[in-house]
Amino acid sequence: MAAKVKDPARPSLPVRIVVTREEAERAVALEIAELVRTKPRTVLGLATGSTPIGVYRELVRLHREEALDFSRAITFNLDEYLGLVSGHPSSFGRWMRSNFFDAVNVPEVNIHTLDGSLELARARVECERYEQTIADAGGIDLMMLGIGRNGHIGFNEPGAARDTRTRCVELHPWTRADAAHGFGGLEQVPHVAITMGVTTILDSRRLCVMAFGEHKAQIVKRTLEGAIGPDVPSTYLREHSNVCLWLDRSAASG
Ligand code: PGA
């Protein structure tokens, strides 16, 4: 069950610990499904990568086997690498297509991803437009996200301020190192990216955060117990009033 906030100066974050990550993936997918069924025009904030992949798998299954209908859903992706050619195989946009959008019925016009092929000046304009499009859609109802080993949320790397919005950022060395495999080597990993800001994320009405595996144990501990601030951006999650952090036993071991 959700933990109670004992000290308002050091708010805590409701945590659910499960034996296997599949339990968390199913629970998050069911929460999204429930929301989409009760509010077909749900606005979803979507993350990519190894953490949320099982949630997408389950949502696709629910779409195919239980007629979960995304025909009115609206989606906004959290982040994207910058400096990639359009449709780059390692782009998050491409990842989203093969792991989710190609298999469900979110209308093309309702899918919003950040364009990683823009040059910097145009990308900055795109960031402002993205914020406006989110606002025009009525804000994000539910945002799903993971936590990086360095505490990043989206690409809000260590140092990111609480009041940041969608913007271009420089990637942290750990983030680039963690991405190296997917790009076929560290040299191929972009140095810059676009990300929703900390405020953009915290403005979502509900946050479903997940962290799995022993390699996340230390950052989970710091997220839950460290001082809230830019050194570990995931600590900002503790300021949200409707958030759940799903952990498997290994990620909770710290
Ligand atoms: P991962 O990282 O999904 O690659 O473990 C989570 C994140 O960087 O947000």
Side-chain angles (χ1 to χ4, degrees), residues 1-3 12-70 72-79 92 95-96 98-101 103-106 110-113 139-149 151-154 196 200-217 219-220 223-224 234 236-238 240-252:
M1 279 307 291
S12 61
L13 208 164
V15 171
R16 298 289 301 269
I17 300 170
V18 288
V19 177
T20 65
R21 61 180 288 170
E22 288 77 15
E23 286 176 63
E25 291 162 354
R26 255 195 311 275
V28 172
L30 282 178
E31 181 172 339
I32 293 172
E34 188 57 31
L35 191 60
V36 170
R37 285 189 177 114
T38 52
K39 182 188 176 189
R41 202 185 158 282
T42 290
V43 181
L44 296 170
L46 300 177
T48 42
S50 61
T51 300
I53 190 155
V55 178
Y56 292 112
R57 215 177 284 130
E58 180 63 10
L59 287 173
V60 169
R61 191 194 66 76
L62 289 167
H63 172 70
R64 288 193 176 137
E65 296 175 14
E66 298 181 26
L68 179 61
D69 179 16
F70 292 95
R72 295 182 63 200
I74 299 170
T75 68
F76 288 91
N77 264 85
L78 180 62
D79 49 13
F92 289 159
W95 190 99
M96 284 303 301
S98 37
N99 288 286
F100 188 54
F101 295 133
V104 296
N105 65 334
V106 183
N110 289 3
I111 295 172
H112 302 93
T113 53
I140 294 169
D141 290 305
L142 184 150
M143 168 118 228
M144 157 162 77
L145 74 162
I147 299 177
R149 279 193 305 133
H152 73 198
I153 47 174
M196 284 187 193
T200 322
I201 293 169
L202 295 185
D203 277 353
S204 307
R205 287 182 272 280
R206 167 76 171 160
L207 296 177
C208 292
V209 190
M210 291 164 282
F212 305 127
E214 209 178 331
H215 63 299
K216 297 289 172 78
I219 196 61
V220 164
T223 300
L224 295 172
S234 51
Y236 293 126
L237 297 171
R238 284 161 40 206
H240 199 278
S241 59
N242 187 14
V243 52
C244 183
L245 173 60
W246 290 89
L247 304 173
D248 63 3
R249 281 183 173 167
S250 309

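Bear in mind the structure is a predicted one, so any value in this text is a computation, not a measurement.
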Which atom pair, heavy atoms only, marks the closest approach of [X] to [Y]?
X	Y	value
G154	L145	N-CD1, 4.4 Å
L30	L62	CD2-CD1, 4.3 Å
T51	G146	CG2-CA, 4.1 Å
D69	V36	O-CG1, 3.2 Å
F212	W246	CE2-O, 4.2 Å
M143	S204	CB-OG, 3.5 Å

Got [X] and [Y] here, is their nearest side-chain heavy-atom distance under 4.5 Å?
X	Y	value
L237	L245	no
V209	T223	no
M144	M210	yes
P14	V243	yes

ring-ring contact (aromatic ring centres under 6.0 Å, His included) partners of H240, counting only residues at least two apart =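 Checked H240 against ring-ring contact (aromatic ring centres under 6.0 Å, His included); zero matches.
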Drop me the distance from [X]'s [atom1] to [Y]'s [atom2], to the nearest 0.5 angstrom.
X	Y	atom1	atom2	value
W95	N77	CH2	CG	9.0 Å
I32	L46	CD1	CG	7.0 Å
L142	L35	CG	CG	6.0 Å
I153	I201	CD1	CD1	4.0 Å
M96	F101	CE	CZ	3.5 Å
N105	L68	CG	CG	8.0 Å

message = Working note: E34 + R37, criterion salt bridge (Lys or Arg N to Asp or Glu O under 4.0 Å); need CA distance, chi angles, decisive distance, verdict.
response = CA-CA 5 Å; E34 188 57 31; R37 285 189 177 114; 5.1 Å; no
request  = For the pair H63 and F70, name the ring-plane relationship: parallel under 30°, tilted 30 to 60°, perpendicular over 60°.
outcome  =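 Aromatic pair H63/F70 classed tilted.
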task = Take the angle between the ring planes of H112 and F76 and call it parallel below 30°, perpendicular above 60°, tilted in between.
result = parallel
ask   = With a cut-off of 6.0 Å (strictly less than), are more than 12 heavy atoms of other residues, nucleotides or ligands near CD of E214?
value = no
query = CZ of R249: more than 12 outside heavy atoms within 6.0 angstrom?
reply =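 Not buried by this count: 12 neighbours or fewer within 6.0 Å.
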task = Could you give me the CA-CA distance, side-chain angles and deciding distance for L202 and L207, then say whether side-chain contact (heavy atoms from CB on, under 4.5 Å) is met?
result = CA-CA 8 Å; L202 295 185; L207 296 177; 4.0 Å; yes
message = Checking D79 against T48 for the side-chain contact (heavy atoms from CB on, under 4.5 Å) test, could you report, in this order, the C-alpha distance in whole Å, the side-chain angles of both residues, the deciding distance, and whether it holds?
response = CA-CA 8 Å; D79 49 13; T48 42; 4.1 Å; yes
[X] side chain vs [Y] backbone, donor-acceptor pair below 3.5 Å:
X	Y	result
D248	G213	yes
R149	I219	no
N110	V106	no

request  = Please lay out, stage by stage, how C244 and R206 fare under the test side-chain contact (heavy atoms from CB on, under 4.5 Å).
outcome  = CA-CA 8 Å; C244 183; R206 167 76 171 160; 3.6 Å; yes
key: Salt bridge R26-E23, side-chain N to carboxylate O under 4.0 Å   = no
inquiry  = Applying side-chain contact (heavy atoms from CB on, under 4.5 Å) to V104 and L59, what does each step give before you reach the verdict?
reply    = CA-CA 8 Å; V104 296; L59 287 173; 5.6 Å; no
By side-chain hydrogen bond (donor to acceptor under 3.5 Å, both in side chains) - contacts of R205 (at least two apart) =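 Listed in chain order: D141.
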